[in-house]
Each structure stands twice: as structure tokens, then as C-alpha cells.
Amino acid sequence: MPDTEKATLYYQNKTIRYTIRRSARRRTVGITIDTQGVRVAAPRRMPLEQVIALVNTKARWIADKHTEFKSRLEPRKRFVSGEEFLYLGRRVSLQVQSEDSPPRHRRGRSKPNSSIQPELFDFNFLPTKPRPKAAVALKGNVLHVQADVSSMQGTKEVRKILEDWYKARAEEVIARRVQHHADQLGWRMPKVLIRNQKKRWGSCNAKGELRFNWRLVMLPLSVLDYVVVHEMAHLKVLNHSPRFWALVEQIMPDYRARHQALHELGMGLYW
């Protein structure tokens, strides 16, 4: 009997695909619905028909929760001034400044083609693709973005600039947190990679490389730290056995509360 199987739930006019993962340690069936979709954990020897029957008894609840999570994941941002974004758990307001904005004048002197002071911008920030007219600056609770928004592609341009900025910040912040915990534990600093993962917050492979979702930098540092510790624990135990969770708890005694916070906050990070 395979450890992973696919099945489909039909409820009213909804069709919901889900994954069944089996484990020799499980004695009951558990259902999880989150940003990764619907997942069912089942005992290894339980017949597939019995698992499906148990899932079907929860059809209404699954359909309602699935719809709720799906709606939260749908892109809702318009990437215009006044919208709120998250950075390390705090809300910041987007302020988009067009390259084509008219210059401001004061006492007869011309200002540069921007109503935002140039020193606010992080011109050391290099997006993944060269954008000589783009700049990003976080000043207090305002996230300034300077970009060419004159064309029909303006919204996409602002979105891409923001994503590049978040990725750059994630590389910096997450690497520092991994280094912090490595120093505390006396471990060697592992290789850290930032990725655009759709269904994972992080991962660790047999080579000892840690991969993290760039969206983590939107979360409070305490929640981001949980993901860091979780993946670092995989450097020692490459599974989710009791030994693994014991190690996580040893490093971070309150990991359960942080894990719950990740579950509650994480689904709102996808644009």
C-alpha cells in the first residue's frame, strides 16, 4: 500500500482533490486544510475505501473550509498607494511614486522628478532584473516605491518591484536568523536559499541545504524563527519523528504556539 495517494471529494457542486498520507504511527484519520490544500493523514493499514468514507462524513466542513482558504489565497492586491502590506509582522502602507510625476518647486528652485526625497530610497537594492528607474524605501510605516507606472503594465511593474524587494530582505533577515541559531547551538552555518515556494514555508535536503519561502519575511520575527528552527532541526533529523519534535522543543520550547500562529497568519501572505 503506497504511503501517498490521491482522492477526490464531491460535495454539491464542488470537486475537491486531496492527498492521503499514510503512517505506521497513526491510529486515527486526521484532516488538515491550509495553504497547501486538503491533506488527510491515515494509518498505513486502513483500507482506502474506509479512509474515503470517513472523509466523506466531513464533506460539508471540508467544503466550507476549503472555500474559505481559497478565497483568502486569491490575489486581492491592486498595488496602488494606500494599500497595506506586511513586513516582519507590522503593517506598512504602500506609496507609489511615478517617474512621470511633475517636479515640485520651492522658492524658485527645481526639485528632481519625484516628490519623495531621493535619500529615502534604497538604491543599493538590486531587483532580480535590472530596473534603473525603480527604487524602494521603507520609511517608518510607509513603503515607498518609485517606478514607471505610466503604461498599462504599471501594476505588474509595482508588484514585481515589491516582490524583488521582499526577496532581498528575506535573504538578509533569514540568513541572519539561521546564523543566530547556528551560533547558539554551536552548529556549522548551513547554505541558505530563498525560493518562491507555492506550497512550503521551508525545506531541508540531504545535502544540508535550507530553502525558505521569501514570504516568511512578512511574518512576525517570532513566527519566522519557528520555521528557521524547524528546518534547522532537519539538519539533525531528516523526518518528523518524535525525535525530531523533541529536538525542536529543546531549541524552542514554545514552538507549538508559534506553529499555530504560522497556520493562522500564513494563508494571508499570498497575493
Side-chain angles (χ1 to χ4, degrees), residues 1-77 86 163 193-206 210-216 218-219 223-224 226-231 233-234 237-245 248-249 255-271:
M1 187 174 293
D3 288 339
T4 302
E5 298 165 285
K6 300 289 185 179
T8 305
L9 172 68
Y10 300 97
Y11 180 76
Q12 294 182 349
N13 62 339
K14 296 181 176 67
T15 301
I16 302 172
R17 294 280 294 172
Y18 60 92
T19 301
I20 302 171
R21 297 186 185 278
R22 297 181 178 275
S23 169
R25 296 189 299 272
R26 285 203 67 92
R27 296 293 179 266
T28 60
V29 172
I31 302 172
T32 301
I33 306 172
D34 55 20
T35 56
Q36 300 181 39
V38 180
R39 290 168 293 145
V40 176
R44 177 164 293 168
R45 296 185 179 277
M46 181 176 286
L48 178 61
E49 294 78 9
Q50 186 177 349
V51 176
I52 292 175
L54 286 170
V55 171
N56 287 343
T57 64
K58 300 291 185 180
R60 180 177 178 178
W61 177 80
I62 293 172
D64 289 346
K65 288 296 180 181
H66 184 263
T67 299
E68 178 185 338
F69 272 74
K70 188 177 178 181
S71 66
R72 294 187 188 185
L73 290 176
E74 290 175 352
R76 293 163 294 175
K77 298 293 188 184
L86 290 170
E163 286 186 0
L193 302 169
I194 303 300
R195 294 289 184 261
N196 184 28
Q197 296 165 310
K198 299 297 185 182
K199 295 185 177 182
R200 290 185 176 187
W201 295 117
S203 62
C204 174
N205 62 24
L210 304 183
R211 288 174 169 78
F212 295 97
N213 190 320
W214 63 264
R215 296 169 182 84
L216 288 169
M218 300 183 199
L219 292 167
V223 182
L224 183 155
Y226 161 70
V227 181
V228 168
V229 167
H230 182 113
E231 299 308 332
H234 280 310
V237 186
L238 206 57
N239 55 50
H240 289 107
S241 64
R243 178 167 162 255
F244 166 81
W245 290 111
V248 173
E249 187 170 22
Y255 83 88
R256 291 180 180 84
R258 302 190 195 208
H259 178 234
Q260 181 61 29
L262 175 65
H263 178 75
E264 294 172 357
L265 299 173
M267 57 189 159
L269 305 185
Y270 286 81
W271 299 334

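Residues take their numbers from the sequence shown, with the count starting at 1. It should be emphasised that the depicted structure is a prediction, and the values quoted were computed from it without experimental measurement.
- Ring geometry, W245 versus Y255: the interplanar angle falls under 30°, so the pair is classed parallel (tilted spans 30 to 60°).
- Other residues, nucleotides and ligands contribute at most 12 non-hydrogen atoms within 6.0 Å of the CZ atom of R243.
- A heavy-atom distance below 4.5 Å is found between the side chains of F212 and V228.
- Considering NE2 of H240 and CZ of R25, their distance stands at 10.0 Å, rounded to 0.5 Å.
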### Message
Let's go through M218 and L224 carefully: what are the C-alpha distance in whole Å and the side-chain angles of both, what is the deciding distance for side chain to side chain contact (heavy atoms under 4.5 Å, CB included) to 0.1 Å, and is it a yes or a no?
### Response
CA-CA 9 Å; M218 300 183 199; L224 183 155; over 6 Å; no
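- Remark: aromatic rings of H234 and H230 are close, center separation under 6.0 Å.
- Considering only heavy atoms from C-beta on, Y226 stays 4.5 Å or farther from L219 through its side chain.
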### Query
So R258 and V229, side chain to side chain contact (heavy atoms under 4.5 Å, CB included) or not? Walk me through it.
CA-CA 11 Å; R258 302 190 195 208; V229 167; over 6 Å; no
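- Atom CG of residue L54 and atom CD of residue E49 lie 12.0 Å apart, to the nearest 0.5 angstrom.
- Here the side chains of S203 and R195 are not in contact, with every heavy-atom distance at 4.5 Å or above.
- Residue L238 comes nearest to A206 through the heavy atom pair CD2-CA, 4.0 Å, listed as atom of the first residue, atom of the second, then distance.
- Here the side chains of I31 and Y18 are not in contact, with every heavy-atom distance at 4.5 Å or above.
- Counting heavy-atom neighbours within 6.0 Å of R60 CZ, excluding the residue itself, gives a total of 12 or less.
- Rounding to the nearest 0.5 Å gives a distance of 6.0 Å between CG of L262 and CH2 of W201.
- The two atoms that bring N205 and R211 nearest to each other are ND2-NH1, 3.0 Å, heavy atoms only.
- The distance from the OG1 atom of T15 to the NE2 atom of H66 is 10.5 Å, given to the nearest 0.5 Å.
- The shortest non-hydrogen separation linking V29 to A42 is CG2-CB, 4.3 Å.
- Annotation: side chain of E5 is in contact with side chain of R22 (closest heavy-atom distance under 4.5 Å).
- Note that the CD1 atom of I194 and the CZ atom of R215 stand 12.0 Å from one another [nearest 0.5 Å].
- The backbone N or O of T28 sits less than 3.5 Å from a side-chain atom of R26, completing a donor-acceptor pair.
- Atom-to-atom distance recorded for T57:OG1 and I52:CD1 is 12.5 Å, nearest 0.5 angstrom.
- For the side-chain contact (heavy atoms from CB on, under 4.5 Å) criterion with V38, the lone passing option out of I16, L9, T19 is I16.
- Across T4, V55, V51, a single residue satisfies side-chain contact (heavy atoms from CB on, under 4.5 Å) together with I20, and that is V51.
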